[in-house]
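Counting starts at 1 for both ligands and their atoms, in listed order.
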Amino acid sequence: MASEKELLDRLSEIVVKGNIVEAKSVAEAALAFGIEPWKAISNGLTQGMKIVGEKFAKKEYYLPEMLLSAKAMQEALGVLLPMVKPGSQKSAGKIVIGTVEGDIHDIGKNIVKALLIAAGYEVIDLGKDVPTEEFVRKAQEVGAQVIGMSTLMTPTLESIERVEQELREKGMKNHVKTIVGGASVSQDFARKVGSDAYGKDAVEGVNKIKLLVDTIVAAVEQAKKRS
Ligand code: B12
């Protein structure tokens, strides 16, 4: 029988090799073994994706290999994400999330979305390559407390800046908070462009979003008491 380490290594390898055929069955085997779905994602699949990124940077892999790896990861996530345990208490919060304009990477964003839903949030997913004005318009329309923006690329960092700028121009920054995530952003970048938080991974992201939602809810309560 395989050990936990062997199964996690196997999940990583599935992604590195772009093994679409076995992705689901290895994910199912990990669950059957009792590995927590989040552990299988972060210590298995994501480790594989890191290797793929390195291989692409070193020109050992090209777009077709990266596409196969992405497909294999998505197949395995299809098994693992629905098994992430729901949060114990229902959270009252609406989150608008998307990958910013110019960027089509959405695997990480989809993981954050799944964890938010599991934690009880209402998530409005705008998808990928989302125009700046769409983030702002949707947040206004649904009364979202938080906008989550994902980008993995450097040229698309300015898309985040544009959303922040538009929120400031419309005077929305005091009732809509923002959080950024993805391989090309950092805490420093968030501070520089005026984002309210940065999440290095989905777990940290969800924890920070909870704090942001709590801040907005408290501010609204205060305002109600005053009026
Ligand atoms: C898979 C992949 C692809 C897939 C994407 C499939 C998909 N549906 O997403 C495909 C093959 C389509 C692809 C295409 C391209 N890619 Co690509 N890709 C990758 C790769 C290997 C892995 C990304 C990934 O899915 N990681 C796994 C997930 C789980 O991790 P993650 O996204 O970081 O998400 C976690 C955290 O960051 C965080 N998070 C993410 N988003 C958010 C949002 C919020 C709000 C929060 C709180 C947290 C959070 O939580 C997540 C889970 O814990 C990266 C390498 C890398 N180092 O990232 C390159 C990489 C991002 N790609 C790159 C490039 C260049 C491209 C292309 C331009 C290639 C080309 N010549 O066409 C195109 C992009 C076209 C476009 N306009 O977008 C470069 C970007 C370089 C740069 N700095 O600009 C990278 C870094 C590779 C490299 N080393 O050069 N790619």
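Under the 4.0 angstrom criterion, atom 10 (C) of ligand 1 counts as lacking any protein heavy-atom contact. Distance screen at 4.0 Å: atom 15 (C) of ligand 1 has a protein heavy-atom neighbour inside the cut-off. The protein reaches atom 22 (C) of ligand 1 closely, with a heavy atom under 4.0 angstrom from it. For atom 1 (C) of ligand 1, the nearest protein heavy atom lies closer than 4.0 Å.
For the pair I111 and L77, the minimum side-chain heavy-atom distance is below 4.5 Å.
In terms of protein heavy-atom proximity, atom 6 (C) of ligand 1 is closest to A70 CB, 3.6 Å. The closest protein non-hydrogen atom to atom 46 (C) of ligand 1 is G181 CA, 3.7 Å. At the shortest separation from atom 8 (N) of ligand 1 among protein heavy atoms lies D106 OD1, 2.7 Å. Looking from atom 75 (C) of ligand 1 to the surrounding protein, the closest heavy atom is I104 CG1, 3.8 Å. The protein heavy atom nearest to atom 68 (C) of ligand 1 is M153 SD, 4.2 Å. Ranking the protein heavy atoms by distance from atom 60 (C) of ligand 1 puts H105 NE2, 3.7 Å first. Nearest to atom 72 (O) of ligand 1 among the protein's heavy atoms is L63 CD2, 3.7 Å. Taking atom 79 (C) of ligand 1 as the reference point, the nearest protein heavy-atom neighbour is F56 CE2, 4.6 Å.
Other residues, nucleotides and ligands contribute over 12 non-hydrogen atoms within 6.0 Å of the NZ atom of K173. Under a cut-off of 6.0 angstrom, the local environment of CD in Q47 is crowded, with over 12 non-hydrogen atoms contributed by other residues, nucleotides or ligands.
Of the options A57, S42, A183, G102, the smallest heavy-atom separation from atom 77 (N) of ligand 1 is shown by G102. When V203, L157, L152 are ranked by how near their heavy atoms come to atom 32 (O) of ligand 1, first place goes to L152. Nearest-residue assignment for atom 37 (O) of ligand 1 (options G48, G108, P155, G182; heavy-atom criterion): G182.
Residues V213 and V176 do not share a hydrophobic cluster, defined by chaining ILVMFWY side chains whose heavy atoms lie under 4.5 Å apart.
A donor-acceptor pair under 3.5 Å is absent between the side-chain atoms of D196 and the main chain of K177, judged by distance alone. Listed for the D103 side chain is a donor-acceptor partner under 3.5 Å among the backbone atoms of L152. Remark: the backbone N or O of I147 is not paired with any side-chain donor or acceptor of T178 at under 3.5 angstrom.
Of all atoms in ligand 1, numbered sequentially from 1 with element shown, those under 4.0 Å from a heavy atom of M149 are 43 (C), 45 (C). Short contacts between ligand 1 and M73, defined as distances under 4.0 Å to a heavy atom of the residue, involve ligand atoms 29 (C). Those atoms of ligand 1 that come under 4.0 Å of a heavy atom in D201, given as number and element, are 38 (C), 50 (O), 53 (O). Numbered from 1 in the order shown, with element, the atoms of ligand 1 that lie under 4.0 Å from a heavy atom of Q74 read 8 (N). Close approach of ligand 1 to I111 is summarised as follows: ligand atoms under 4.0 Å from at least one heavy atom of the residue are 29 (C). Listed by number with element, the atoms of ligand 1 under 4.0 Å from a non-hydrogen atom of D103 are 78 (O). Close approach to G53 involves these atoms of ligand 1, each under 4.0 Å from a residue heavy atom: 21 (C), 55 (C), 89 (N). The atoms of ligand 1 that sit less than 4.0 Å from any heavy atom of G205 are 47 (C).
Atom NZ of K17 and atom CG of L68 lie 13.5 Å apart (nearest 0.5 Å). Note: L116 CG to K113 NZ = 10.5 Å, rounded to the nearest 0.5 Å.
Contacts with ligand 1 closer than 4.0 Å are made by backbone heavy atoms (N, CA, C, O) of K200 only, the side chain lying farther away. Residue contacts with ligand 1 for K128 are absent, since no atom lies close enough (heavy atoms, distance under 4.0 Å).
A donor-acceptor pair shorter than 3.5 Å can be found between the side chains of E22 and N19. Using a 3.5 Å distance cut-off with no hydrogens or angles, the side chains of Q165 and E161 do not pair a donor with an acceptor. With 3.5 Å as the limit, one finds no donor-acceptor pair spanning the side chains of D106 and T99. Between E101 and T156, the side chains place no donor N or O within less than 3.5 Å of an acceptor N or O (distance only, hydrogens not considered).
Ligand 1 has an N or O atom lying under 3.5 Å from an N or O atom of S150, backbone or side chain. Considering backbone and side-chain N/O of T46, none are found under 3.5 Å from N/O of ligand 1.
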Audit row: Y62, K59, side-chain contact (heavy atoms from CB on, under 4.5 Å) steps and yes/no: CA-CA 6 Å; Y62 292 91; K59 295 196 171 20; 3.7 Å; yes

K50 vs E54, salt bridge (Lys or Arg N to Asp or Glu O under 4.0 Å): CA-CA, chis, key distance, verdict: CA-CA 6 Å; K50 274 189 194 150; E54 285 157 15; over 6 Å; no

Test log, rule side-chain contact (heavy atoms from CB on, under 4.5 Å), inputs L45 and S12: CA-CA 5 Å; L45 300 177; S12 168; over 6 Å; no

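Proximity of S69 to ligand 1 is not established, as no heavy-atom distance is less than 4.0 Å.
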